Amino acid sequence: MEGDVMDKLEDMASVCEFDPITGDIPATKVEITVSCRNLLDRDTFSKSDPLCVLYTQGVESKQWREFGRTEVIDNTLNPDFVRKYILDYFFEEKQSLRFDIYDIDSKSPDLAKHPSDFNDFLGQTFCTLGEIVGSPGSRLEKPLGGIPGKNCGTIILTAEELGNCRDCSTMQFCANKLDKKDFFGRSDPFMVFYRSNEDGTFTICHKTEVVKNTLNPVWQPFTIPVRALCNGDYDRSIKVEVYDWDRDGSHDFIGEFTTSYRELSRGQSQFNVYEVSSLKQKLIHLSSENLFYQNQWVITGSILCPMNVLSSSQSLCTISIIFLDCCSETSFAVALIKKNEEKGVGLHRCWICPPGRVDCEERLAAEREVGGLPVSTQIHFTVAIDFTASNGNPSQSTSLHYMNPYQMNAYAMALKAVGEIIQDYDSDKMFPALGFGAKLPPDGRVSHEFPLNGNVDNPYCNGMEGILEAYHESLKTVQLYGPTNFAPVINHVARYAAAVQDGSQYFVLLIITDGVISDMAQTKEAIVNAAKLPMSIIIVGVGQAEFDAMVELDGDDVRISSRGKLAERDIVQFVPFRDYMDRTGNHVLSMARLAKDVLAEIPEQLILYMKARGIKPNQTPPDYSPSGLSPTPTI
């Protein structure tokens, strides 16, 4: 029994606590669940026996290394793997993942071999951990590829942060008079456990063994971490399904019921007798036992059912405001769009909501109609690029804007480094991109707030590639001029952040510049005002200029103030790109270092904003009036 417990604990890696001596805060642990649908069938007389292998990629070497494998599920094209992957999650890093699916043909126990040595390849997909976390409900569905000319099916990846609950429970289950599903014999029942997710879906967390040829099964006791069942939330729903096992994988559904860990912890009592919902109503008896209590109790029918007793040291795990809760876009947008599609309401673009969301007034009206939808935070990324003359003539190689056909300039590298990570948390990958400090055609007026794509009504660019393309095209049409004013672009983003302060949206502005700021007083005032809003500002300095004034804007040491008013919180992070350039000329490593540093403060800044306003994840947003929510964009 003890060995089984240790195996379970290894599969569900524990979360370390804060070390008060060293001051080290552990990385956030994220649990990834894998399911597949409509896999290729490689077997002649049965279905495939799939297994999933996860590979992670190093930042510098770009080599793929195996991280772990799921169990093998026999005879199915639609597997829901029980074994999870537990990864350290870093918002500020691009964590590349690769999932390979194989059909296990060999029964050899030598699983140390590479699956391709003795199995059929069924497909693969690539993504980042940020893509999974940032998807609606932290659930990412992608097509499997890798086999030319074949539809390899889809893979479904679900992420959930692991709580700090480290309790374990030993449970035993039994049933009476289940349905007879086999023609020539009794049923071969087994049970499948699912924990509920915040978006209403369920994630598989345990399967029992199959008990052959019986309608009154008694399954073996098993030990499972409590967080695998409910992630420390004792009132979270647990769904249990009962099946009759069939060799060909087409298991017959017998029935299901729902419970919670709190109910199971009551032990042997009438509360743990559950009616199974199916065509015929049956009874199934359950109880659970804490790892430290081994007393057994005899109930009706002489079935041995351990009793659970919660020790005084076990306390309910409290759930605090954490960044992962906030940045995971749960059911709000999905339910809202679905509701409006049912009503026939079009999905309109506006400057508050990203493309794919309803217009603001329609969104609020739909929200009131739907009611009670949880708050989650969509991160909006805006970039502002310095087009002042101090950058040099873009046609000359000495210019910071020079387009070398063989490598990116410093502006493009800074943009790509930060943007490729931020974009994972925006569902549609559409970003407004602005420029400042240039003369615009046809009249040569100076602007400090112009769209890079030239479209005043729609400054959105499609992903990082769209922003880079718009940046390159702008250099061909505008004239670099000056001065270096930050306040206009800060106020530009602040207008939209001011309209949605319920925690549902958070704005990140990236400013890339080469020189000394010209409107210091106005910029300070803009930052102090923006510090009250759901907004953060990243400033990356490129080139060899002195950036003393920029350091003053970064309030790490001294909180910025304007006209005697102190900023409510620190929202600015400034770094000079030259400090991150790799001496060997490895630009990939330089970009990774830059992104890790400038993005490290974003989660804390978001959390501080939420805490200051008493906003918690998955909480119903406060009522507010639609009036004033749609500021007229001025470029």
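Because the structure is a prediction, the values reported are computed rather than measured.
Checked against the 6.0 Å centroid criterion, the rings of F436 and F486 qualify as a close aromatic pair. Between Y55 and F99, the gap from one ring centroid to the other reaches at least 6.0 Å.
Shown here are the side-chain contact (heavy atoms from CB on, under 4.5 Å) partners of T56, two or more places apart in sequence or in another chain: F67, L97. Residues satisfying the side-chain contact (heavy atoms from CB on, under 4.5 Å) criterion with N393, sequence neighbours excluded, are S395, Q396.
Look at R613 and E568 and you find a salt bridge, because one of the NZ, NE, NH1 or NH2 atoms lies within 4.0 Å of a carboxylate O, short of that distance. Ion pairing of K416 with E465 is present here, as a side-chain N (NZ or NE/NH1/NH2) and a carboxylate O approach within less than 4.0 Å. Ion pairing between D570 and R559 fails under the 4.0 Å rule for side-chain N and carboxylate O. Residues E31 and R83 are not paired through a salt bridge, judged by the lack of any N-O separation under 4.0 Å between the basic side chain and the carboxylate. Remark: K524 engages E552 in a salt bridge, criterion side-chain N to carboxylate O under 4.0 Å.
By the 4.5 Å heavy-atom criterion applied to side chains, Q95 and Y89 are counted as neighbours.
Of all the heavy atoms in E131 and D424, the pair that sits closest is CG-OD1, 3.1 Å. The minimum heavy-atom distance between I132 and A159, with the atom names listed, is CG2-CB, 3.6 Å. Closest of all the heavy-atom pairs between S536 and I602 is CB-CD1, 3.6 Å.
Within the structure, the ring pair (Phe, Tyr, Trp, His ring centres under 6.0 Å) test picks out no pair touching residues 521-543 (sequence neighbours left out).
Under 3.5 Å, the side chains of Y496 and T382 contain no donor-acceptor pair of N or O atoms. Side-chain N/O atoms of N391 and Y402 include no donor and acceptor closer than 3.5 Å.
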From CA spacing to verdict: ring pair (Phe, Tyr, Trp, His ring centres under 6.0 Å), H401, Y411 = CA-CA 7 Å; H401 283 305; Y411 277 93; 4.2 Å; yes
